[in-house]
There are 2 protein chains.
Amino acid sequence: MAIDSSQAAGFTRRATRRLQTIEEALDHAVAIMEADGVGALSMSEIARRLGIRQPSLYKYFPSLHAVYDALFARGLALMEAAVMATVTPLPAGVARIRAGAKAWIRCAVDNPALAQLLVWRPVPGFQPTGETFAGSTRQMDQLRTEFAAAVDRGELNPEGGTPEALRLYTMVLSGVISQQMANQPGAAFDTGLFTRLIDDALDMFFARYSVPQGGSDAKPRP
Amino acid sequence: MAIDSSQAAGFTRRATRRLQTIEEALDHAVAIMEADGVGALSMSEIARRLGIRQPSLYKYFPSLHAVYDALFARGLALMEAAVMATVTPLPAGVARIRAGAKAWIRCAVDNPALAQLLVWRPVPGFQPTGETFAGSTRQMDQLRTEFAAAVDRGELNPEGGTPEALRLYTMVLSGVISQQMANQPGAAFDTGLFTRLIDDALDMFFARYSVPQGGSDAKPRP
DNA sequence: GTCTATATGTTGATAGAC
DNA sequence: GTCTATCAACATATAGAC
């Protein structure tokens with residue numbers, strides 16, 4: 001019992017310590033990217049800030065690309081968490097989609113380096129692992145169901161459920177964050193010249209898929 | 001006379017030869033960026049492809065940043081030429097703006113490296129020279145006048161002339177090209193999953209600023 | 001898991017001969 | 001304008017002692 005417990009505890013402690021170091025390394029990586037650009041990341045600099053020698057870092061990451069992959073995954077998780085925290089208490093529908101969009105944009109502005117990794121492809125030769133990329137696909141799937149729900153509830157016309165509508169939606173969000181990051185980096189969400197137009201952008205988008213506001217009996221389906 | 005002429009000719013010949021070399025260097029630079037990413041550009045690689053030693057390249061560009069600046073300027077000029085060629089024969093108005101937008105997107109897709117340099121900011125520490133950046137500002141000014149003309153002609157409501165409308169417009173275009181370059185690089189304009197939605201995106205945008213389609217007497221201004 | 005040592009490569013930029 | 005030579009950094013990654 002005592003032996004098992006200490007073994008288990010020892011194992012988990014080592015494992016958690018290792019995970020802590022990994023997270024710390026990623027923290028530094030984010031700091032480096034935000035300071036000097038996404039392309040300025042290097043194993044040497046991470047190790048330097050971590051207080052270890054550069055070869056030691058290879059015990060945690062097999063390559064620089066692996067670091068980028070972990071950062072991509074972290075970015076995905078961060079965005080998902082931000083959106084979920086905002087969206088979970090809300091009922092399905094357009095209002096929920098809108099709230100999620102704003103949460104996403106806000107999170108992207110607050111984490112510009114990770115957002116660049118997600119929205120742009122600034123690192124030559126880097127592509128997220130299949131496993132990592134699956135997370136991105138999963139988020140897109142969930143977004144699809146959100147739109148389908150809004151259509152079912154009659155808040156969007158049937159065209160709102162098409163892949164084209166979804167792509168148009170991602171284009172709108174991508175446009176907001178791209179212009180904000182490129183032309184006014186560092187600005188806060190509430191004061192950014194482009195992010196402050198997010199409501200207008202969403203109005204513009206959803207107006208395209210609004211249901212005809214009929215009177216008492218407006219084309220009900222038999 | 002003969003002397004003056006030969007001197008002048010000698011001077012211009014040398015000058016044009018020099019300009020030719022510079023243009024050739026920029027051609028190689030574009031090829032490098034398209035092959036290995038915008039951040040992969042280096043003086044060494046340009047010189048290698050140019051068939052000269054790397055220090056010799058410093059006779060043409062004082063630094064790598066100067067090369068980026070020249071590339072930024074070339075990208076601006078290319079886009080402007082493409083838009084102008086499409087737009088010049090058309091009368092002012094929304095149709096002309098739309099045609100210009102499509103020409104711009106098409107040109108961006110055909111020149112992804114230069115487009116990335118213009119739309120994103122992928123090179124850490126690089127900012128276009130004041131002179132170069134002025135070209136960008138000038139193009140924005142012209143866009144502003146295009147919108148003002150469309151408002152004057154009654155094709156857009158007064159809100160279409162506001163800075164917010166213009167920013168929303170740039171966000172839409174930036175969203176199209178960003179999503180296309182990030183998620184389906186290399187696709188042609190006509191078949192790209194995102195670029196083929198350009199008309200829908202423009203519909204969505206201009207619908208927001210459409211004038212109320214009145215009957216015979218729809219709110220004429222006194 | 002950390003270190004030293006090292007191999008091997010790259011880069012931007014300058015000095016100075018021709 | 002081209003070259004050689006060189007500097008000073010910087011990088012990724014591996015081998016192997018402890």
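Lettering of chains follows the sequences in order, A, B, ..., and the numbering in each one begins at 1. Keep in mind it's a predicted model, so treat the numbers as computed, not measured.
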Trainee: Under the side chain to side chain donor-acceptor pair (under 3.5 Å) rule, collect the residues that match up with B/E23, sequence neighbours excluded.
Mentor: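 Residues passing side chain to side chain donor-acceptor pair (under 3.5 Å) with B/E23: B/R74.
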
Trainee: Rounded to whole Å, how long is the line connecting atom CG of B/D36 with atom C1' of C/dT11?
Mentor: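 For the pair B/D36 CG and C/dT11 C1', the rounded distance is 15 Å.
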
Trainee: Does the distance from a Lys or Arg side-chain N to an Asp or Glu carboxylate O, for A/D27 and A/R49, drop under 4.0 Å?
Mentor: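 Answer for the salt bridge query: no.
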
Trainee: Could you tell me how far apart B/Y58 (OH) and D/dT6 (P) are, to the nearest whole angstrom?
Mentor: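 B/Y58 atom OH is separated from D/dT6 atom P by 19 Å.
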
Trainee: B/F205 vs B/F147 aromatic rings, parallel, tilted or perpendicular, using cut-offs 30° and 60°?
Mentor: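 Plane angle over 60°, so perpendicular.
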
Trainee: In B/S/- notation, 5' to 3', how is nucleotides 1-6 of chain C contacted by protein heavy atoms closer than 4.0 Å?
Mentor: BBBBB-

Trainee: Looking at residues at least two apart in the chain, or sitting in another chain, which of them share a salt bridge (charged side-chain N to carboxylate O under 4.0 Å, His left out) with A/E34?
Mentor: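 Partners of A/E34 by the salt bridge (charged side-chain N to carboxylate O under 4.0 Å, His left out) criterion come out as none, since no residue qualifies.
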
Trainee: For DNA chain C, which residues in residues 37-45 of chain B have a heavy atom at a distance below 4.0 Å?
Mentor: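 Contacts with DNA chain C under 4.0 Å: B/S42, B/M43, B/S44.
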
Trainee: Roughly how many Å is it from CD1 in A/I32 to P in D/dC10, rounded to a whole number?
Mentor: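 The answer, rounded to whole Å, is 13 Å.
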
Trainee: Quick one, B/R106 and B/I198 - any side-chain contact, counting heavy atoms below 4.5 Å?
Mentor: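 Not touching, per the 4.5 Å side-chain cut-off.
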
Trainee: Is it the case that over 12 heavy atoms from other parts of the model lie below 6.0 angstrom from the CD atom of B/E131?
Mentor: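 Incorrect, the count does not exceed 12.
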
Trainee: C1' atom, D/dC10 versus C/dT6: distance in rounded Å?
Mentor: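 That atom pair is separated by 16 Å.
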
Trainee: Verify the distance criterion only: is there a donor paired with an acceptor across the side chains of B/R48 and B/S44 at less than 3.5 Å?
Mentor: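 Checked: B/R48/B/S44 side chains show no N/O donor-acceptor pair below 3.5 Å.
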
Trainee: Going by salt bridge (charged side-chain N to carboxylate O under 4.0 Å, His left out), name the residues that satisfy it together with B/R98, two or more places apart in sequence or in a different chain.
Mentor: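 Listed in chain order: B/D199, B/D203.
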
Trainee: Taking the side chain as everything from C-beta on, heavy atoms only, tell me whether A/D69 gets closer than 4.5 Å to A/Q127.
Mentor: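 Not in contact.
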
Trainee: Under 6.0 Å from the CD atom of B/E159, do we count more than 12 heavy atoms belonging to anything else shown?
Mentor: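 Open: at most 12 neighbouring heavy atoms sit under 6.0 Å from CD of B/E159.
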
Trainee: So, are A/D141 and A/R138 salt-bridged, with charged N and O less than 4.0 Å apart?
Mentor: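 A salt bridge is absent here (no side-chain N lies under 4.0 Å from a carboxylate O).
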
Trainee: For B/R48 and C/dG9, what is the distance between atoms CZ and P respectively, to the nearest whole Å?
Mentor: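 In whole Å, C/dG9 P lies 13 Å from B/R48 CZ.
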
Trainee: What is the separation between atom CD1 on A/I46 and atom P on D/dA11, rounded to the nearest whole Å?
Mentor: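 Between P of D/dA11 and CD1 of A/I46: 10 Å.
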
Trainee: Write out the stems for DNA chain C, ordered by first number and formatted as range with range, counting runs of at least 3 consecutive Watson-Crick or G-U wobble pairs under 3.5 Å.
Mentor: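 Consecutive-pair runs (3 or more) involving DNA chain C: C:1-7 with D:12-18, C:9-18 with D:1-10.
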
